[in-house]
Asks: 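Could you have a look at this structure, given as structure tokens, before my questions?
What you see below is based on every heavy atom in this structure, not just the backbone, and it leaves out hydrogens, waters and symmetry mates. Proteins get letters first, then strands, A, B, ... in listed order; numbering begins at 1 in each.
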Amino acid sequence: MSKPPLGKKPDDEGAAEAALIAARKAKTARVRERGENPFANDVTERERGTPLTRLAEVRAHHDADKRDDGRHDRDKVAARAARFRVAGRILFLRSFGAGAFVRLRDATGELQLYCQEPVLGQAFSRLEDLDLGDFVEAEGESMATDKGELSINPTTIRLLTKAHRPLPTKTSFKDVEQRYRRRYVDLVANKEVQAAFRARTAIVSSLREFLDGRGFLEVETPTMSTIVGGALARPFKTHHNALDLELFMRIAPELYLKRLVVGGFERVYELARCYRNEGISTRHNPEFTMLEYYQAYATYHTLLDQTEEMLRFVDQRLAERMPEAHAGWVAGRTFSFERFCRVPMSELVSSALERAGLPADVATTVGAADAPIKEWAKLAKGKGREIDWANFRKGAQKCAGAGEALFCAYEYLAEPFLTRDYRTDDGNKSVPVFVVDYPLEVSPLARKKDADGSLTDRFELFVDGREICNAFSELNDPDDQAARFEAQVEKKAQGAEETMDYDEDYIRALEYGLPPTAGFGMGVDRLTMLLTSSPSIRDVILFPLLRPEEGG
RNA sequence: GGGUCGAUAGCUCAGUCGGUAGAGCUGCGGACUUUUAAUCCGUAGGUCCAGGGUUCGAGUCCCUGUCGACCCA
């Protein structure tokens with residue numbers, strides 16, 4: 001690292017922080033003067049002659065020595081005492097005249113050292129060079145204090161890694177922006193943060209387990225492509241120099257995965273990092289992870305059942321792997337997976353109208369100049385339903401056909417009230433709702449219903465009012481697909497930004513034959529938010545996109 | 001894009017009516033041999049987000065901007 005130019009402040013450090021860092025560096029120098037390495041490396045059994053024991057293993061060794069209150073019995077621990085070499089980060093440091101408590105943490109848990117001058121001898125003075133946040137190694141017999149705290153009574157202790165920057169104090173680290181910018185500090189300082197990310201990993205691995213167990217093949221498809229497809233969203237652009245090619249980061253893996261079904265992989269899935277050049281909010285990060293899977297010889301009905309199964313499976317696995325945290329999250333949940341509802345979109349609209357006390361033709365006449373919107377608003381308000389009439393009307397006026405109008409009506413009349421309208425029998429929790437049978441116009445890749453060509457064999461799942469899954473029976477008629485691409489190109493020509501490109505190679509693939517197939521997509525980030533009761537997507541993405549720091 | 005709230009010590013936060021910048025924790029020095037947010041004594045630490053305005057005087061009032069959080073689209 002180079003030094004900052006003269007006259008410029010080093011980073012954003014104030015003088016006070018610089019002083020804290022200088023004080024720690026002085027300790028580093030003292031350690032060096034003693035001939036010790038403040039960034040030691042010789043920690044393995046090969047160098048030390050004894051194995052390093054994880055903190056949880058020390059606890060496990062004395063598991064049977066616990067009293068009824070969960071503390072440790074001094075005599076029992078003494079009877080089973082053994083010598084351990086342990087290492088970890090100092091989370092807590094308190095010294096007395098001739099004694100000191102040092103609480104260590106490693107990935108498995110925490111354990112304290114009870115350091116005594118008579119036992120450590122000259123090495124006791126080394127404690128002066130230790131700070132909160134340092135990594136240390138200690139070796140000694142296990143013991144319990146009078147207060148029943150399992151401890152190590154070290155005969156040796158040494159610094160492994162000096163932390164030059166102070167960790168936040170026990171008042172904790174709450175500045176939300178800094179927590180995201182310095183996630184490494186957030187993870188140390190805020191315990192529940194680690195739990196959310198461990199949950200994310202557990203969720204992803206149980207999704208794999210679920211699909212692998214059903215004969216799905218996990219694949220990886222391109223994240224850069226010359227064509228934008230598979231969803232409706234604005235892409236990021238990039239450039240390949242050697243080929244002088246403008247490329248787009250993928251917004252969805254869909255079209256590649258279906259090509260693989262054409263090729264004979266009848267069940268494929270991808271945990272796909274996707275990129276969408278859109279706003280940032282508590283539910284949106286520019287890069288996010290989507291699970292998509294495709295299953296030949298299945299329909300969206302198959303996937304309705306499978307989705308319920310999958311969500312229950314994942315939640316069950318999470319409960320098994322993180323029982324304590326899971327119990328806490330479940331207690332905070334306002335939804336339940338006990339029962340799911342399946343309702344056609346048109347029915348959602350008509351029943352929403354009924355619940356709001358509105359006439360049946362609202363959806364078709366809201367765009368008209370003489371629509372009695374004030375009157376309707378009054379009616380709906382009387383039923384406790386605040387509808388965004390201004391935007392509803394604007395949206396309705398832009399609708400090209402009956403399908404778009406139905407979708408618009410659903411968006412404003414029904415979707416905002418899903419959690420209110422669909423509840424468990426006791427009324428305490430919301431019930432997840434499958435919104436079934438989407439209009440053709442808003443579903444450019446889904447198969448038309450055989451019985452009604454204005455609708456598609458498609459559903460979305462809303463849990464707790466949030467969209468989690470999108471799935472449909474795939475459109476496999478190449479001519480129909482070509483016509484839908486053309487409609488998208490037409491929209492783009494008229495200025496629409498969220499459209500798909502015409503993908504000739506995909507049409508060619510369909511011409512070779514895509515068997516009847518059902519496809520499924522789910523936001524992994526949003527699922528994790530849901531299961532861990534996290535209010536923001538940034539709580540489940542380790543390094544969310546942030547504006548760069550000044551001078552950084 | 002619109003609205004609400006916020007930015008003061010390394011961290012968490014006070015700051016009254018506009019009148020010398022505060023606390024706890026952290027740090028540093030000291031006391032203390034079983035602490036769990038220890039306790040006690042001492043001490044250090046500030047571009048009050050930036051710019052402009054009002055005023056004898058602005059952390060405080062006004063305007064503009066930057067950044068952030070939340071809600072809505």
Side-chain angles (χ1 to χ4, degrees), chain A residues 8-27 30 69-72 74 77-78 90-105 110-120 124 127-134 143-153 163-182 185-186 188-190 278-284 386-395 398 408 411-412 415-416 465 497 534-539 544-552:
Chain A
K8 264 187 121 182
K9 278 187 296 177
D11 298 327
D12 54 348
E13 280 163 31
E17 184 172 20
L20 292 179
I21 291 170
R24 285 169 176 247
K25 286 187 175 174
K27 292 180 185 176
R30 282 214 301 264
D69 62 0
R71 318 285 303 172
H72 283 83
R74 229 182 137 172
V77 169
I90 299 177
L91 280 190
F92 183 86
L93 187 61
R94 178 176 299 152
S95 73
F96 290 73
F101 296 94
V102 181
R103 175 164 285 265
L104 298 188
R105 181 198 282 171
E110 297 179 8
L111 188 69
Q112 81 170 11
L113 311 175
Y114 175 43
C115 302
Q116 293 170 285
E117 187 164 20
V119 179
L120 269 167
F124 190 77
L127 292 171
E128 288 169 14
D129 298 323
L130 299 181
D131 285 300
L132 238 55
D134 291 353
M143 60 165 288
T145 63
D146 283 349
K147 299 279 167 68
E149 182 72 29
L150 185 65
S151 309
I152 296 286
N153 182 15
H164 280 168
R165 279 178 188 271
L167 285 169
T169 59
K170 61 195 163 226
T171 44
S172 97
F173 186 50
K174 289 181 183 162
D175 183 305
V176 181
E177 186 191 352
Q178 288 306 320
R179 283 184 43 221
Y180 298 144
R181 287 200 191 281
R182 307 188 192 186
V185 178
D186 190 27
V188 175
N190 299 312
E278 294 167 354
I280 295 177
S281 79
T282 42
R283 288 185 295 278
H284 300 87
E386 292 275 2
I387 291 161
D388 183 353
W389 290 99
N391 283 312
F392 181 19
R393 178 171 215 173
K394 257 191 247 168
K398 273 193 249 167
C408 180
E411 263 191 312
Y412 287 99
E415 197 191 291
E497 277 174 332
S534 296
S536 169
I537 197 166
R538 288 172 162 186
D539 298 327
L545 185 70
L546 301 170
R547 197 180 296 269
E549 279 180 288
E550 283 294 307

Asks: Taking atom types as modelled, find out whether Y180(A) and D175(A) have a side-chain donor-acceptor pair closer than 3.5 angstrom.
Replies: no
Asks: Using atom CG of L130(A) as one end and atom C1' of G27(B) as the other, report the distance to the nearest whole Å.
Replies: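 Computing the L130(A):CG to G27(B):C1' distance gives 15 Å.
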Asks: Using a cut-off of strictly less than 4.0 Å, decide whether K174(A) has a side-chain nitrogen or oxygen near OP1 or OP2 of A7(B).
Replies: no
Asks: Between C1' on G27(B) and CG on D131(A), what's the gap in Å once rounded to a whole number?
Replies: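 It works out to 9 Å between those atoms.
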Asks: When all nucleic acid strands are considered with a 4.0 Å heavy-atom cut-off, which category describes E149(A): base, sugar-phosphate, or nothing?
Replies: base
Asks: Is the phosphate of C70(B), meaning OP1 or OP2, less than 4.0 Å from a side-chain N or O of T282(A)?
Replies: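 Checking C70(B) against T282(A), no side-chain N or O comes under 4.0 Å of OP1 or OP2.
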Asks: Using the C1' atom on both, measure C28(B) against G65(B) and round to a whole Å.
Replies: 40 Å
Asks: Partner lookup for G27(B), please. Criteria are Watson-Crick or G-U wobble with both distances under 3.5 angstrom; report none if nothing qualifies.
Replies: U43(B)
Asks: Passes side chain to side chain contact (heavy atoms under 4.5 Å, CB included), Q178(A) versus V185(A)? Steps please.
Replies: CA-CA 9 Å; Q178(A) 288 306 320; V185(A) 178; over 6 Å; no
Asks: How is P118(A) classified with respect to the nucleic acid when contacts are heavy atoms under 4.0 Å: base, sugar-phosphate, or nothing?
Replies: base
Asks: Reckon S95(A) touches a base, only the sugar-phosphate, or nothing at all at heavy-atom distances under 4.0 Å?
Replies: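 Contact class for S95(A): base.
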Asks: If we take the C1' atom in both G42(B) and C61(B), what is their distance in whole Å?
Replies: 40 Å
Asks: Taking for each residue the nucleotide of RNA chain B bearing the nearest heavy atom, is the 5' side occupied by L546(A) or by Y114(A)?
Replies: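 Here Y114(A) is the residue nearer the 5' end.
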Asks: Work out how far the C1' atom of A44(B) is from that of A23(B), and round it to whole angstrom.
Replies: 15 Å
Asks: What's the gap between C49(B) and G10(B) when it is taken at their P atoms, as a whole Å value?
Replies: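 Comparing P positions in C49(B) and G10(B) gives a spacing of 13 Å.
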Asks: Between E128(A) (CD) and A31(B) (P), how many Å, whole number?
Replies: 10 Å
Asks: Work out how far the P atom of C40(B) is from that of C25(B), and round it to whole angstrom.
Replies: 8 Å
Asks: Return the minimal non-hydrogen interatomic distance between D134(A) and A163(A), and the atom names on each side.
Replies: OD1-N, 2.9 Å
Asks: Taking the side chain of N391(A) as its heavy atoms from C-beta onward, which of U12(B), A73(B), U34(B) lies nearest to it?
Replies: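 Of the options given, the side chain of N391(A) lies nearest A73(B).
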Asks: What interatomic distance, in whole Å, is found between P of U8(B) and the corresponding atom of G2(B)?
Replies: 26 Å
Asks: Can you check the R103(A) CZ to U36(B) P distance for me, whole Å?
Replies: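 My rounded result for the distance is 12 Å.
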Asks: Please identify which of these residues, L91(A), L111(A), I152(A), L93(A), meets the side-chain contact (heavy atoms from CB on, under 4.5 Å) condition with V102(A).
Replies: L93(A)
Asks: Let me know the distance between CG of L167(A) and P of G27(B), rounded to the nearest Å.
Replies: 11 Å
Asks: In whole angstrom, what separates F173(A)'s CZ from A9(B)'s P?
Replies: 14 Å
Asks: Verify the neighbour count for atom CZ of R105(A): are there more than 12 heavy atoms of other residues, nucleotides or ligands below 6.0 Å?
Replies: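 Count over threshold, so yes.
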Asks: Between atom CD1 in I280(A) and atom P in G68(B), what is the gap in whole Å?
Replies: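 Atom CD1 in I280(A) sits about 9 Å away from atom P in G68(B).
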Asks: Counting any heavy atom closer than 4.0 Å, what does K394(A) reach on the DNA or RNA strands: base, sugar-phosphate only, or nothing?
Replies: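 Touches nothing.
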Asks: Provide the distance between the two C1' atoms, one in G15(B) and one in U60(B), to the nearest whole Å.
Replies: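 That atom pair is separated by 9 Å.
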Asks: Want to settle it: does F92(A) or G97(A) sit nearer the 5' end of RNA chain B, counting the closest nucleotide to each?
Replies: G97(A)
Asks: On a whole-Å scale, what distance lies between the P atoms belonging to C62(B) and U43(B)?
Replies: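 Their P atoms lie roughly 39 Å apart.
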Asks: Mind calculating the distance between CG (L20(A)) and P (G10(B)) to the nearest angstrom?
Replies: 8 Å
Asks: Would you mind classifying the nucleic acid contact of R179(A) as base, sugar-phosphate or nothing, using non-hydrogen atoms under 4.0 angstrom?
Replies: nothing
